[in-house]
Amino acid sequence: MKFSEMKYERPDVEEAKKQAEIIKNKFNNAESFEDADKAFLDWDRFSSHIDTMMSLAYTRNTINTTDEFYEKEVEYIDEQSPVFAEMEQKFTKLLIESKFRPQLEKKYGKLLFVNSEMFLKSFAPEIIPETQETNKLETAYQKLLASAQIDFDGEKRTISQMQPYKQSSDDEVRREAWLAEANFYSTNGKELDNIYDKMVKLRDKMAKKLGYDNYVKLGYFQMTRNCYTPEDIDKFRKAVVKYIVPIADSLYKEQAQRTGLSYPLTFADAALKFKDGNPNPQGSAEDILQTGKSLYHELSKETADFIDMMFENELMDVLSKKGKAGGGYCTQFGDYKVPFIFSNFNGTADDVEVITHEAGHAFAFYTARDIVPSSNQSPTLESCEIHSMTMEFFGWRKSDEFFGKDSKKFRYSHLFSAITFIPYGTMVDHYQHLVYENPDITPEQRHDIWRQLLGVYMPWMKLDGSPFYGEGKGWQRQIHIYENPFYYIDYCLAQTAALEFWVIMQKSHEEAWERYMRLVRKAGTQTFNELIETAGLKSPFDEEALKEVAKSAEKWLDENKI
């Protein structure tokens with residue numbers, strides 16, 4: 001079914017409560033495993049339907065944030081989603097206490113119950129008011145960014161549409177573009193600070209209502225951290241500073257020499273990888289999509305079937321336009337067993353990475369679409385990001401078609417960015433830990449923390465006092481900090497695993513694909529650590545993993561200088 005034909009119906013809370021009560025009673029009063037199992041699957045379909053309706057509303061709202069109907073639907077969902085979470089909590093409690101738990105564990109796996117127990121630790125009806133307020137603030141943040149109309153080059157442009165100018169090889173144009181975008185953030189700086197300050201305090205209040213010292217522990221439960229701890233993350237951070245930051249710093253020093261710019265670099269100058277310009281895809285948006293389609297036809301029969309289904313059902317919205325929310329994501333509609341890709345093409349290499357990164361997520365969901373229950377279809381988010389980040393590297397086989405004469409520059413800059421991203425992503429996570437461990441500090445103190453962390457994780461950046469970025473306030477543009485606390489380290493863990501896959505690809509594409517599919521097919525039936533083992537990779541928490549990928553990437557970049 002085409003995306004436009006998918007019917008949206010507001011998930012009515014009162015009707016849902018009645019249905020939930022009927023299913024709970026069936027499950028609770030079941031006299032046999034078969035009856036309990038049937039009720040459990042009824043619940044899975046019930047909750048999946050609600051998730052589908054919420055996802056449809058959210059997706060259509062982000063495609064056009066000025067659509068009044070879906071704006072009101074998202075407002076309604078922001079208000080009611082904690083009520084649905086309470087229904088989920090009540091059923092989950094029955095599930096883990098069920099006398100049929102051993103049989104259910106045998107059929108669906110123990111991890112389902114481990115994750116269910118973590119969910120119970122992350123939610124209680126007492127935090128519904130704070131959750132509702134946080135949802136509203138997240139929508140307000142997203143709407144504020146989507147409202148950007150930046151005067152540049154004779155037109156009003158969205159944040160996404162500014163990206164090509166921010167990478168221009170013309171120093172004046174590039175710097176003016178960064179300044180124009182920075183002025184938008186600076187103009188709205190107080191509102192951005194105000195939104196985040198309220199979010200931090202609301203999340204801290206939730207945590208304390210649930211009996212935790214601060215939001216960090218609650219945040220880990222909400223992210224379903226089922227196989228590692230804050231101490232493991234701290235160990236990973238230290239390894240990043242030890243092995244990755246020095247290499248990234250040397251790469252940026254080479255970049256400054258290559259582009260004839262001063263080191264340390266301003267944010268605007270760091271965006272220029274090559275003096276004659278960054279690699280840009282050749283052809284139109286449609287050309288990029290068709291090359292992407294060709295890529296998936298070559299990789300495997302499974303990927304060919306997947307991409308044909310995506311095109312036939314119009315399950316992508318990729319062009320940037322006025323009123324469209326920024327960024328990119330992949331979601332899914334469980335009722336229809338299909339994923340959906342949202343992005344903002346802007347004429348840069350990011351467009352190609354969308355058709356690989358977000359499609360990596362989409363392919364993983366498509367592969368797992370028939371797994372029951374639906375909660376076993378997707379692993380935790382750091383594992384999901386392995387699907388996407390590794391697919392970016394599999395996309396190298398089509399880089400000549402995507403980039404033409406810029407293909408060598410693309411491969412170099414992609415690997416360069418993969419390595420240098422890890423310090424940034426780790427910094428984002430470290431920042432959030434410090435903020436939530438100290439929820440009462442002022443907005444200016446939060447900016448101070450970001451500035452200090454820049455010195456640790458990104459010593460190649462120069463804070464020159466220019467608006468926003470040069471003042472060390474750039475964290476405000478990072479959507480995940482507002483909307484998905486503690487998500488960002490997932491990218492860093494996944495990038496480490498993806499780089500391990502990249503190393504294997506240099507020796508054998510076939511072996512890399514076979515090991516990748518081993519991981520993907522396990523879907524959400526294993527923890528992150530177990531999936532790493534399934535693929536035969538080193539754990540990112542073993543510093544040898546970072547040490548080895550850093551060494552391999554540094555060697556390749558040195559041998560393929562442009």
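This chain uses plain numbering: 1 for the first residue, then up along the sequence.
Taking the six-membered ring for Trp and the full ring otherwise, F40 and F27 have centroids separated by 6.0 Å or more. Taking the six-membered ring for Trp, Y491 and Y488 have ring centres closer than 6.0 Å. Checked against a 6.0 Å centroid threshold, the rings of F152 and F184 do not count as neighbours. Separation of the Y296 and F394 ring centroids does not fall under the 6.0 Å cut-off.
Using a 4.0 Å cut-off between a side-chain N of Lys or Arg and a carboxylate O of Asp or Glu, K18 and E21 do not qualify as a salt bridge. Ion pairing of K205 with E133 is absent here, as no side-chain N (NZ or NE/NH1/NH2) approaches a carboxylate O to less than 4.0 Å. Contact check on K72 versus E75 returns no salt bridge, with no Lys/Arg side-chain nitrogen under 4.0 Å from an Asp/Glu carboxylate oxygen.
For N344 (side chain) and G327 (main-chain N/O), a donor-acceptor pair under 3.5 Å exists by modelled atom type. Judged by distance alone, the side chain of T92 and the main-chain N or O of E88 form a donor-acceptor pair under 3.5 Å. In terms of modelled atom types and a separation under 3.5 Å, the side chain of S98 and the main chain of L94 share no donor-acceptor contact. N28 places no side-chain N or O within donor-acceptor distance of the main-chain N or O of N25, the cut-off being under 3.5 Å. With hydrogens and angles disregarded, no donor-acceptor distance shorter than 3.5 Å links the side chain of K209 to the backbone of E130. For T139 (side chain) and N135 (main-chain N/O), a donor-acceptor pair under 3.5 Å exists by modelled atom type. Under the 3.5 Å distance criterion, the side-chain polar atoms of N438 are matched with a main-chain donor or acceptor of L434. Side chain of K17 to main chain of D12: no donor-acceptor pair is present (N/O by atom type, distance under 3.5 Å, no hydrogens or angles). Side chain of E392 to backbone of T356: no donor-acceptor contact under 3.5 angstrom is found. Judged by distance alone, with hydrogens and angles left aside, the side-chain atoms of T390 form no donor-acceptor pair with the main-chain N or O of H387 at under 3.5 Å.
A donor atom on one side chain and an acceptor atom on the other are not found under 3.5 Å apart for N226 and T224. Q222 and Y215 share a side-chain donor-acceptor pair at under 3.5 Å. Side-chain N/O atoms of S48 and D51 include no donor and acceptor closer than 3.5 Å. Side-chain contact annotation: E286 with S284, donor-acceptor N/O pair under 3.5 Å absent. If you check the side chains of T331 and S55, you find a donor sitting under 3.5 Å from an acceptor. Side chains of Q478 and Y431: no donor on one and acceptor on the other come within 3.5 Å. Side-chain atoms of T525 and N376 form no donor-acceptor pair, as typed in the model, at a separation below 3.5 Å. E444 and T442 are not linked by any side-chain donor-acceptor pair at a separation below 3.5 angstrom, with hydrogens and angles left out of the test.
Under the 4.5 Å side-chain criterion, counting only non-hydrogen atoms from C-beta, Q163 is in contact with E181. For the pair Y165 and D153, the minimum side-chain heavy-atom distance is below 4.5 Å. Put simply, the side chain of H480 does not reach to within 4.5 Å of the side chain of V428, judged on heavy atoms. Side chains of L104 and F113 form a contact here, defined as non-hydrogen atoms less than 4.5 Å apart. Within the 4.5 Å cutoff, the side chain of D370 has heavy atoms near those of the K337 side chain. Using a 4.5 Å cut-off on side-chain heavy atoms (C-beta onward), D429 and H433 make contact. Proximity of E73 to L56: side-chain heavy atoms (C-beta onward) are nowhere separated by under 4.5 Å. Between N61 and Q142, some side-chain heavy-atom pair lies under the 4.5 Å cut-off.
With sequence neighbours excluded, the residues that form a ring pair (Phe, Tyr, Trp, His ring centres under 6.0 Å) with W178 are Y469.
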Intermediate values then yes/no, side-chain contact (heavy atoms from CB on, under 4.5 Å), T134 and M206: CA-CA 10 Å; T134 303; M206 288 185 224; 3.4 Å; yes

side-chain contact (heavy atoms from CB on, under 4.5 Å) assessment of Q149 paired with T158: CA-CA 5 Å; Q149 291 291 288; T158 65; 4.0 Å; yes

Verdict with reasoning, V74 to D78, per side-chain contact (heavy atoms from CB on, under 4.5 Å): CA-CA 6 Å; V74 168; D78 283 348; 3.9 Å; yes

Stepwise side-chain contact (heavy atoms from CB on, under 4.5 Å) check, W450 with K473: CA-CA 7 Å; W450 186 256; K473 297 180 179 180; over 6 Å; no

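For E68, the CD atom sits in a loose shell: 12 or fewer heavy atoms of surrounding residues, nucleotides or ligands are nearer than 6.0 Å. In this structure, K26 places its NZ atom where only 12 or fewer heavy-atom neighbours from other residues, nucleotides or ligands lie under 6.0 Å away. In N183, the CG atom is crowded: over 12 heavy atoms of neighbouring residues, nucleotides or ligands sit closer than 6.0 Å. Surrounding NZ of K321 are more than 12 heavy atoms belonging to other residues, nucleotides or ligands, all under 6.0 Å away. The environment of K38 atom NZ is sparse: at most 12 non-hydrogen atoms of other residues, nucleotides or ligands sit within 6.0 angstrom.
Of all heavy-atom pairs between G334 and T52, the closest is N-OG1, 3.1 Å. Smallest separation of non-hydrogen atoms from Q377 and I371: NE2-O, 2.9 Å. The minimum heavy-atom distance between P82 and T131, with the atom names listed, is CG-CG2, 3.6 Å. For the residue pair S186 and P467, the shortest heavy atom distance occurs at OG-CB, 3.7 Å. Across all their heavy atoms, C384 and S378 have their closest contact at SG-OG, 3.3 Å. The minimum heavy-atom distance linking N484 with Q432 is given by the pair O-OE1, 4.2 Å.
Ring pair H361/H357 is perpendicular by interplanar angle, where above 60° counts as perpendicular and below 30° as parallel. Y482 and W475 have parallel rings, their planes meeting at less than 30° on a 0 to 90° scale where 60° marks the start of perpendicular.
For the pair K293 and F311, the distance from NZ or CZ to the six-membered ring centre is under 6.0 Å and the angle to the ring normal is within 45 degrees. Stacking of R225 on the aromatic ring of Y220 is recorded, both the 6.0 Å distance cut-off and the 45° axial limit being met. Cation-pi check for R203 over Y436 is not met; the charged atom does not lie both under 6.0 angstrom from the ring centroid and within 45 degrees of its normal. The cationic atom of K324 (NZ for Lys, CZ for Arg) lies less than 6.0 Å from the six-membered ring centre of F342 and within 45° of the ring axis. Cation-pi geometry between R60 and F3 is met: under 6.0 angstrom from the ring centre, within 45 degrees of the axis.
In this structure, D490 CG and I233 CD1 are separated by 8.0 Å, a value rounded to the nearest 0.5 Å. Taking CD of E14 as the start and CD of Q80 as the end, the distance is 8.5 Å to the nearest 0.5 Å. We find the CG-CG distance between L218 and L210 to be 5.5 Å, quoted to the nearest 0.5 Å. The CG atom of D351 lies 5.0 Å from the CZ atom of F345; values are rounded to the nearest 0.5 Å. One finds the CE atom of M6 at 10.0 Å from the CD atom of E314 (value rounded to the nearest 0.5 Å). Between atom OG1 of residue T59 and atom CG of residue N64 there is a gap of 13.0 Å, rounded to the nearest 0.5 Å.
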